[in-house]
Amino acid sequence: MAKQPAQLSPVISREERALRALSDEVLVAMVSGADDWHTEAAPDLGLDAVMMADGPHGLRKVNSASLADLQASEPATCFPTGSALAATWDPELVAEVGRAIGREAVAEGVGVVLGPAVNLKRHPAAGRNFEYLSEDPLLAGELAVAWIDGVQGEGVGTSLKHFAVNNQEANRMVVDAIVDPATLRELYLSAFEAAVRRSQPATIMSAYNRLNGVYCSEDPWLLTDVLRTEWGFEGLVVTDWGANADRVAGIRAGQDLEMPGGHGTHDAALCLAMDDGSLPRAKVERCAQRVLTLMERNHVQRSAREDTPDGVPLATLHDEHHRLARTAAAAGTVLLANDGLLPLKPSTHVALIGEFAVRPRFQGGGSSQVKATRRDALLDELRLQVEPAGGRVQYAPGYVLSGRDDREGEAVRRIDEAVAVARRAEVAVVVVGLPDAAESEGFDRVHLHLPEEHNDLVNAVCAANPRTAVVLVAGSPVTMGWVDQPGAIVCAYLGGQAAGGALADVLVGAAEPGGRLAESFPVRAADVASDHWFPGEPHQVVYREGPYIGYRWFDAAGAQPLFGFGHGLSYAKLSLGEPELNTTRVDAAALLGLATSHNASDSDADGAHDTAVPTPVSHTVLGPAEVPAPGSGPVAFRVTVRLDNASKRAGTEVVQVYLEAPESATVGAPRRLAGFAKVAVEGKSTVDAVIDVHARALCHWDEALSGWAVASGTWGVLVGRSSRNPLARLEVEVSSPWRAPQPDPALEPYRHPRPDDWDPGEEAVEALLGRPVPTPLPVRPFSRNSTLEELATTAVGRPLLKLVRAVVARTAGGGDEGGLAVMVDRALGELPLRNLAVMSQGRVSMRTVDGLVAMANRVGRRKTPSG
Ligand code: BGC
C-alpha cells in the first residue's frame with residue numbers, strides 16, 4: 001500500500017470534520033464491519049467499503065453468507081502453506097508468491113489479504129503450525145517482510161496475524177498466555193516487530209487469546225505502547241474474527257475495527273460509555289479515522305472477478321501462478337535423508353504406494369483453506385515424467401484416507417498388496433502423512449504420530465524392498481519410528497495445489513529439493529521443552545520453558561532432535577569452505593550510537609523528554625523505539641564463505657550463521673540464528689555466500705532497564721547448514737557499555753538445563769517472570785468469557801451446547817472434509833458465551849447472554865452450595 005505523505009495542514013481533515021458531524025450511533029457503526037468481510041462504506045466521503053479475505057497461502061474470497069461454510073469461496077491459487085513456504089528460506093521467492101496473491105486479490109476486488117501468520121511454533125503439535133512459518137523469529141520475520149512487501153507492492157493491504165502469542169488452538173479464545181518479558185520481546189514479538197517496522201502492513205490482527213492477563217484485543221500495552229509508540233505502526237488494528245471480548249476496553253486500548261460486524265452487538269455499550277464519559281468520543285473517532293484511511297488508501301476496485309488491471313485474463317494468471325506454486329513447492333521440499341536412492345532415473349520401474357498419491361492433501365483445514373484452481377496428483381505427474389523415458393509406475397493405495405474400512409483383514413490385505421507391488425519394482429515410493437482430520441486450525445494434535453496403518457505400511461514396504469523412499473505429507477513434524485529403514489525420506493509438507501508436480505520433479509531430479517527445516521523435528525513430543533506445559537489449563541498456559549523453543553532447547557540442553565532446525569540435503573555435492581569475518585571486533589556503542597543516545601537524552605533526567613516513547617533509564621541500553629528493527633540497521637560484521645559444487649548438477653544451499661552469546665547476555669538458549677543466505681550454485685562451480693549479521697542480533701532485552709542491551713565478551717559465530725554440528729566456529733570480541741547485573745541464582749535451572757527431567761521449578765519460573773505465577777481464573781462464577789463446554793456442566797448449558805451444535809451443523813456447508821468436523825466441534829465447545837452474540841448474526845443479544853450466565857450461576861449454586 002502506498003504510504004501517504006503526512007498532512008502538515010493545521011486545519012482538520014475532511015474526514016475528521018465528517019466524523020465529528022456523525023451521530024454516536026453512526027460513528028460506532030464505522031468501527032465494526034458491515035458484514036463478515038467488509039468495512040462499512042462512507043458514501044458521503046466517496047469511500048467504498050474494503051473487502052478482506054483470508055490468507056495466508058492463497059486467497060479465500062468467501063461467496064457464502066455463512067462464516068462456518070469454509071468450502072464456499074472463489075477459486076484461487078493454493079500456494080504451499082506456511083511451513084513449506086518457510087522451508088524455502090528464500091525471501092525473494094516468498095515475495096514472488098506474495099505478489100501473485102496480491103494480483104489475484106486485485107482481480108477479485110479484495111483490498112486486504114489476511115496474512116501473514118507469524119506466530120512461533122512453540123510446540124510441534126499446535127494445530128496451526130502448518131500456517132505458521134517457523135520456530136525462529138529471525139527467519140519468520142524475514143519471510144513475513146518479504147510476503148508483505150510482495151502483496152502490498154500490488155496495492156493490496158495485508159493483515160499481520162495473530163498479534164500476539166497465539167501459539168496453540170486449545171482454548172484459543174479464552175486462554176491466558178503467561179510469558180516472561182525477555183522471551184516475549186526477543187522471541188514471540190520479534191517477527192511482528194520486524195514486519196511492522198520494516199513493511200508497515202496495512203492492518204494487524206489482534207489475537208484471540210489473553211497475554212499476561214489481558215485480552216490481546218483489549219491490551220493498551222500491546223496495541224498502543226508497543227505497536228504504535230515503540231514500533232511506529234501507522235495502519236489499522238483489526239480483531240481476529242470474534243476476538244473481541246469487551247469492546248469499550250478494546251477501543252480504549254487502540255483496537256480500531258471489530259470483525260466480523262454488521263449486527264451492532266456492541267453499539268449500545270459503546271454509545272452508553274460515550275454518554276457517561278467513560279469512553280472519550282475522540283477515541284472512537286480515532287479508530288474510525290483509521291478505518292477511513294484504510295478505505296482511502298484502498299486502490300482495489302470492488303467490482304469482483306475481473307481480469308487484472310493490466311488486462312491479463314484471470315485464467316492466464318491462474319496458469320502462471322500454478323507454475324509458481326510448483327516452483328515454490330519444490331523449493332520448500334526437504335530431503336531429510338538420502339543414501340543415494342534419489343533422484344530416480346526416469347527409466348525406473350517405480351512402485352508408488354499410498355492414497356495421497358491420487359488424493360493429494362496439500363493444505364490444512366480452517367480459515368486458510370483455499371478453493372484451489374486445480375490439484376496435481378503425484379501418480380499422474382510421476383507417470384508423465386517416467387513413462388516417456390521407458391520407466392513404469394505401478395500404484396497401490398496402501399491405506400484408505402476417507403471413511404473407515406472395518407472389514408476384517410482389509411488393512412492387512414491392502415498392505416500385502418502394496419508389498420507385492422513394491423517387490424516387483426526397482427524402487428518403491430511410499431507416500432504417508434497426516435489426514436485432514438489430524439491437522440487443522442481449531443484444535444491441536446494430541447500426539448505427533450502418523451496413523452498406525454501408515455507406519456505399518458512403511459515398515460512392510462521397507463522390509464520388502466530396501467530401495468524405498470518415504471514421502472511425508474504433513475504440515476508439521478511427525479515421529480518416525482522407522483527412520484533408519486528407508487533409503488530416502490522426503491518431507492513434502494503441504495505443498496499447495498501443484499505439490500504433485502513438484503514432488504514428481506524432485507523425485508526424478510528435475511528439480512532440486514530446495515527446502516531446509518524451519519523447525520526442529522523431535523524424536524518424540526516429550527523431548528520438546530514446552531511439552532509438559534502445552535497446551536496448559538483451559539484459562540491459562542504458562543510458558544515455563546522461557547526461551548527454550550525449538551532448536552534453542554535441543555542445542556542448549558545437548559538433546560538430540562530427529563532432524564534439526566535448518567537441516568536438509570541437496571542432490572548436488574556441495575561443500576562449504578573456511579568462513580571469513582570482515583572484522584573480529586565489534587564496538588556496540590559506536591555501532592548503535594549508545595553513547596550518542598545518552599548525550600542526546602541527558603535532558604530526560606530533567607523531565608524534558610516530551611514524547612511518549614519509553615526512554616531507557618540508562619545510556620547503556622537502547623529504548624524499544626531506538627533499537628533497529630530485527631534484520632535491519634547497522635551491520636555488526638559480515639561472514640563470507642565459499643560454496644563449492646563438485647557435481648555436474650546445479651544445487652542450492654542455505655548457509656546459516658548462528659551466534660553463541662556469552663552467558664551474561666542470556667538466561668539460557670545462547671545459540672540463535674543471526675543470518676542466512678539461500679544460494680544457488682551451478683554444476684562444477686563455486687559461489688561466495690555473503691551474510692551480514694546486524695547489530696540487532698547481538699541485542700537482548702533488559703527488563704530492569706526497559707531497553708535493548710549488548711553483552712560484552714566473546715561471541716561465537718557458527719557457520720553451517722543447520723543449528724546442529726556447525727561446520728566452523730569463529731569468534732568476535734564485542735565491547736559494550738552495558739554491564740551485566742549479578743546473576744540471579746534462582747535462574748540457574750535455565751542457565752544449565754537438565755534435559756532428562758526438565759522442570760525449572762516454581763522459584764525459577766517466578767524469577768524469570770519477575771512475579772508470582774498468577775492464579776488461573778476459576779471456572780465459577782460463570783461469566784461472558786466462560787466457554788459453552790464449561791457451561792455445559794450445568795442444566796442450563798447442556799441443552800444450549802446441543803442447540804448451538806445443531807444450528808451450526810445446518811450452516812456449515814456440505815461434505816465433511818475430515819478436519820472440519822473436528823474443528824467445528826472443538827470451536828463450539830470452546831466458544832466463549834460472549835461470542836454467541838457476536839457470531840450469531842444478531843440472533844442472540846448480549847442481554848440474553850448475560851441472562852444465561854446468571855441462570856447458570858444460580859443453577860450452579862443450587863447444585864453445589866459450597867462452590
Ligand atoms: C482466524 C484468522 C482468520 C479469520 C477470518 C479466524 O478464525 O483465526 O486467522 O483470518 O478467522 O477467517
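Both ligands and their constituent atoms are indexed starting at 1 by order of listing.
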[X]: numbered ligand 1 atoms lying under 4.0 Å from its heavy atoms:
{"X": "Asp54", "value": "3 (C), 5 (C), 10 (O), 12 (O)"}
{"X": "Trp37", "value": "5 (C), 12 (O)"}
{"X": "Arg60", "value": "12 (O)"}
{"X": "Glu441", "value": "1 (C), 6 (C), 7 (O), 8 (O)"}
{"X": "Leu114", "value": "10 (O)"}
{"X": "Lys161", "value": "2 (C), 3 (C), 9 (O), 10 (O)"}
{"X": "Asp240", "value": "1 (C), 2 (C), 3 (C), 4 (C), 6 (C), 7 (O), 8 (O), 11 (O)"}
{"X": "Arg172", "value": "7 (O), 8 (O)"}

Open item on the list: Distance check, rounded to the nearest 0.5 Å: Leu294 atom CG versus Met52 atom CE?
Closed with: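 Rounded to the nearest 0.5 Å, the CG-CE separation comes out at 6.5 Å.
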[X]/[Y] ion pair, N-O < 4.0 Å:
{"X": "Arg210", "Y": "Asp219", "value": "no"}
{"X": "Arg826", "Y": "Glu789", "value": "yes"}
{"X": "Arg252", "Y": "Asp246", "value": "no"}

Task: Any residue meeting ring-ring contact (aromatic ring centres under 6.0 Å, His included) with Tyr132, in chain and number order, not counting sequence neighbours - done: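 ring-ring contact (aromatic ring centres under 6.0 Å, His included) check on Tyr132 returns His162.
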Open item on the list: Is it the case that ligand 1 has an N or O less than 3.5 angstrom from some N or O of Trp241?
Closed with: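 Looking only at distances, the answer is no, because the N/O contact criterion of under 3.5 Å is not met.
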- [ ] Closest by any non-hydrogen atom to atom 9 (O) of ligand 1: pick that one out of Met823, His162, Met52.
- [x]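 Selected option, by shortest heavy-atom distance: His162.
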Open item on the list: Ring-plane angle category for Phe79 and His321, please: parallel below 30°, perpendicular beyond 60°, tilted otherwise.
Closed with: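 Tilted.
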Open item on the list: For Arg228, give me all partners under side-chain hydrogen bond (donor to acceptor under 3.5 Å, both in side chains), at least two apart in sequence or on another chain.
Closed with: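 Arg228 satisfies side-chain hydrogen bond (donor to acceptor under 3.5 Å, both in side chains) with Asp256 only.
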